[in-house]
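Here, residue 1 is the first one in the sequence, and each next residue gets the next number.
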Amino acid sequence: QVQLVESGGGLVQVGGSLRVSCVAPGRTFSRTTMGWFRQAPGKEREFVATISWSHGRTFYADSAKGRFTISRDNAKNTVYLQMNSLKPEDTAVYFCAGVYGSSKDSVLHEEYDYDYWGQGTQVTVSS
């Protein structure tokens with residue numbers, strides 16, 4: 001069982017920025033599609049962003065477009081989510097997810113597409 005580890009969450013004011021990170025153990029990260037999801041209190045978990053393992057193709061939820069940027073550093077087995085212009089509605093637990101073996105340019109936005117998950121990191125945006 002691969003366990004992903006998120007970090008970087010915290011408290012930020014409206015309009016501020018935050019970067020969360022996720023480290024994946026093992027030697028297969030460079031061929032693993034990665035994604036970020038979030039779950040706000042009382043709501044279902046929802047897709048935020050994803051990045052393919054080849055060529056860094058990305059795809060975002062409408063709520064994240066223009067404000068969030070997903071990126072990866074294969075040398076560090078790490079995926080990042082840079083969040084700018086944060087809003088109170090961005091308050092949630094942010095989870096990273098990964099799946100090995102998808103096609104090289106896959107961008108996956110459903111929970112069932114992913115095999116590996118982290119425990120989540122809390123992001124709170126205060127007004």
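Contact check for Gln3 versus Tyr116: no side-chain heavy atoms found under the 4.5 Å cut-off. Val20 places none of its side-chain heavy atoms less than 4.5 Å from the side chain of Tyr80. Here the side chains of Arg31 and Tyr100 are in contact, with some heavy-atom distance below 4.5 Å. Side-chain contact between Val93 and Thr121 is absent, with no heavy atoms from C-beta onward closer than 4.5 Å.
Between Met83 atom CE and Trp36 atom CH2 the span is 7.5 Å, to the nearest 0.5 Å. The CD atom of Glu6 sits 12.0 Å away from atom CD of Gln122, with the distance rounded to the nearest 0.5 Å. For the atom pair CG of Leu86 and OG of Ser127, the computed distance is 13.0 Å after rounding to the nearest 0.5 Å. To the nearest 0.5 Å, atom CG of residue Leu4 and atom CG of residue Asn77 are 10.5 Å apart. How far CD of Gln39 is from CD of Glu44: 8.0 Å, rounded to the nearest 0.5 Å. In this structure, CZ on Arg19 lies 7.0 Å from OG on Ser71, to the nearest 0.5 angstrom.
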(request) Just do the side chain to side chain contact (heavy atoms under 4.5 Å, CB included) check on Val123 and Asp90 with the steps written out, would you? (result) CA-CA 8 Å; Val123 172; Asp90 294 319; 5.6 Å; no
(message) Under the criterion side chain to side chain contact (heavy atoms under 4.5 Å, CB included), I'd like the reasoning laid out for Glu46 against Arg38: C-alpha separation, chi angles, the key distance, then a yes or no.
(response) CA-CA 5 Å; Glu46 64 177 7; Arg38 68 185 183 185; 2.7 Å; yes
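In this structure, Ser17 contributes its side chain and Asn84 its backbone to no donor-acceptor pair below 3.5 Å. Arg57 contributes a side-chain N or O that, together with a main-chain N or O of Asp105, makes up a donor-acceptor pair within less than 3.5 Å. At least one donor-acceptor pair under 3.5 Å links the side chain of Thr32 to the backbone N or O of Thr28. For the pair Tyr114 (side chain) and Leu108 (backbone), a donor-acceptor distance under 3.5 Å is present. Under a 3.5 Å cut-off, the side chain of Trp53 and the backbone N or O of Gly101 do not form any donor-acceptor pair.
A 6.0 Å sphere centred on CD of Glu110 holds more than 12 heavy atoms belonging to other residues, nucleotides or ligands. Within a 6.0 Å sphere centred on CD of Gln13, heavy atoms belonging to other residues, nucleotides or ligands number 12 at most. In Gln119, the CD atom is not crowded: 12 or fewer heavy atoms of neighbouring residues, nucleotides or ligands sit closer than 6.0 Å.
There is no path of hydrophobic side-chain contacts, each under 4.5 Å, that joins Ile70 to Val23.
Across Phe29 and Asn74, no two heavy atoms sit closer than the pair CE2-OD1, 3.2 Å. Leu11 and Ser126 get closest at one heavy-atom pair: CD1-CB, 4.0 Å. Residues Ser52 and His55 come closest through the heavy atom pair OG-C, 4.4 Å. Nearest heavy-atom pair across Ser102 and Thr33 is OG-OG1, 2.6 Å. Summarising the geometry of Leu81 relative to Ala49, their closest heavy-atom pair is CD1-CB, 4.2 Å, with the distance given to 0.1 Å. Heavy atoms only, all atoms of each residue included: Arg72 and Ile51 are closest at NH1-O, 3.7 Å.
Just one of Tyr112, Trp117, Phe95 meets the ring-ring contact (aromatic ring centres under 6.0 Å, His included) condition when paired with Phe37; it is Trp117. Evaluated for a side chain to side chain contact (heavy atoms under 4.5 Å, CB included) with Tyr60, the options Val107, Thr69, Thr50 yield exactly one hit, Thr69.
With no hydrogens or angles considered, no side-chain donor-acceptor pair links Thr91 and Thr124 at under 3.5 Å. With 3.5 Å as the limit, one finds no donor-acceptor pair spanning the side chains of Thr78 and Asp73.
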